[in-house]
Amino acid sequence: MERNRLDISRRKILFGALQGAGVLLLSGCENIFNQLHQNRKVLSLLESVEGLNRRLLRFLTGSNKLAQEFSEKDISRTFKPNGNPPPFTMEYVMNAMSGWPSWKLEVGGLVKQPGQFSLNDLKAMPARSQITRHDCVEGWSAIGKWKGVPLTEIMKVVQPDPQAKYVVFYCMDMDTESNNFYESIDMVDALHPQTILAYEMNDQSLPIEHGAPLRLRVETQLGYKMAKYIQRIEFVENFKEIGQGKGGYWEDRGYEWYAGI
Ligand SMILES: Nc1nc2c(c(=O)[nH]1)N[C@H]1C(S)=C(S)[C@@H](COP(=O)(O)O)O[C@H]1N2
Ligand SMILES: [Mo]
């Protein structure tokens, strides 16, 4: 059932993308495409071009463009904190109480200059503010103002290698079975100007329930991609060996990796 639904939506996406690209110009192609799609070999071939397809899809839907930004008066009066409870280790609590003196963002993997950044280091870097809408798959949205350092600024310092295809965010919180939250995005989203590591929300220090001291904002994507409580960032070629291999905590549990809005 679940498998079926995924197949149907994937078929729609692939068909839409091919159609948009002018590949299916002749009438009658839709039938052929549908027949082909039932063939296992063709299916795996299509899957292998999913990376390319994703880029095409993004281009066609325009989700590589800037997400809508709002004005101060649009900011939601309440913004629901969602997901795991904050990390409750002694270290986290002590740090939270004293302005994060010993927390450091670690950045490594496929980079020329692995680095560590204190919160003050991050605040000293060029910053960006944006008022955007957060959409959770659970069916709620909220508008908030975020300030942080663009991920591109970090990338200028650490200099990812050309083989780096994804950026993985490792978080300090865990679920009831002690699985740590993590997420990943690709280079298109990493380089997007609205992709920031936020340390402020609505002109205040990022509240604990919203991911203090640092959380990702990737405005082209749904809420579950926006890793809170970030400890470490890793540039990788693929995420096969990480977690259950699907690229994120929720992806490992069946959500789509590409959660474009
Ligand atoms: N580390 C971590 N990040 C997370 C989650 C989480 O459980 N742990 N939940 C995600 C989900 S599903 C949503 S909707 C947003 C919620 O962000 P908010 O608490 O600021 O509303 O965080 C995302 N990032
Ligand atoms: Mo969510």
Side-chain angles (χ1 to χ4, degrees), residues 63 67 69-70 74-89 91-93 95-96 100 103-107 119 122 129-149 151 166-186 189-190 192 194-234 239 242-244 246-261:
S63 50
E69 294 197 13
F70 299 81
D74 301 315
I75 295 173
S76 303
R77 285 206 287 118
T78 59
F79 197 119
K80 179 185 167 169
N82 205 29
N84 293 329
F88 43 83
T89 60
E91 204 195 343
Y92 182 86
V93 175
N95 255 302
W100 309 100
W103 173 88
K104 275 197 165 72
L105 173 70
E106 299 152 36
V107 188
L119 196 54
L122 296 173
S129 292
Q130 57 205 32
I131 301 174
T132 51
R133 197 189 59 227
H134 177 105
D135 299 308
C136 174
V137 276
E138 290 167 7
W140 56 272
S141 298
I143 292 175
K145 180 177 181 181
W146 306 96
K147 182 182 176 188
V149 53
L151 187 54
Y166 300 95
V167 192
V168 185
F169 302 85
Y170 296 93
C171 306
M172 295 181 276
D173 60 316
M174 43 180 75
D175 66 11
T176 49
E177 271 117 51
S178 302
N179 300 299
N180 275 102
F181 195 95
Y182 77 100
E183 257 306 336
S184 62
I185 60 175
D186 64 13
D189 278 331
H192 192 282
Q194 287 168 319
T195 297
I196 64 172
L197 297 168
Y199 45 73
E200 270 185 27
M201 175 188 191
N202 298 340
D203 299 315
Q204 309 283 321
S205 298
L206 186 63
I208 286 185
E209 65 271 25
H210 291 289
L214 196 71
R215 68 105 41 97
L216 178 66
R217 294 297 310 171
V218 46
E219 307 294 356
T220 50
Q221 302 266 349
L222 289 170
Y224 65 87
K225 300 296 285 188
M226 315 223 190
K228 310 197 287 187
Y229 313 112
I230 299 173
Q231 176 69 75
R232 184 161 67 90
I233 296 178
E234 188 184 15
F239 39 72
I242 300 166
Q244 307 288 311
K246 299 280 162 44
Y249 176 86
W250 283 114
E251 288 85 335
D252 286 341
R253 286 153 186 80
Y255 284 31
E256 292 283 327
W257 178 83
Y258 186 68
I261 317 184

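Hydrogens, waters and symmetry mates are skipped; everything else that's a heavy atom, side chains included, is used. We count ligands from 1, going down the list as the structure has it; atoms in each ligand are counted the same way.
Under a 4.0 angstrom heavy-atom cut-off, M172 registers as lying outside contact with ligand 1. Within the structure, the closest approach of W140 to ligand 1 falls below 4.0 Å when heavy atoms are considered. Using a 4.0 angstrom heavy-atom cutoff, E138 does not count as in contact with ligand 1. Note on ligand 1: K225 sits outside its first shell, no heavy atom being nearer than 4.0 Å.
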Checklist line | salt bridge (Lys or Arg N to Asp or Glu O under 4.0 Å) assessment of E106 paired with K104 | finding: CA-CA 6 Å; E106 299 152 36; K104 275 197 165 72; over 6 Å; no

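Partner of V167 under the side chain to side chain contact (heavy atoms under 4.5 Å, CB included) criterion, out of D189, V107, L216, I233: I233 alone. With H210 as the fixed residue, the ring-ring contact (aromatic ring centres under 6.0 Å, His included) test singles out one of F79, Y229, Y199: F79.
Summarising the geometry, atom NE2 belonging to H192 is positioned 12.5 Å from atom CG belonging to L151; distances are rounded to the nearest 0.5 Å.
By heavy-atom distance, the residue among F181, W250, F79 lying nearest atom 5 (C) of ligand 1 is F181. The option from V137, D173, D135 that lies nearest to atom 1 (N) of ligand 1, judged by heavy atoms, is D173.
Here the protein heavy atom with the shortest distance to atom 18 (P) of ligand 1 is H210 ND1, 3.5 Å. Looking only at protein heavy atoms, the nearest one to atom 21 (O) of ligand 1 is K80 O, 2.6 Å.
Polar contact with ligand 1: present for K228 (N/O pair, distance under 3.5 Å).
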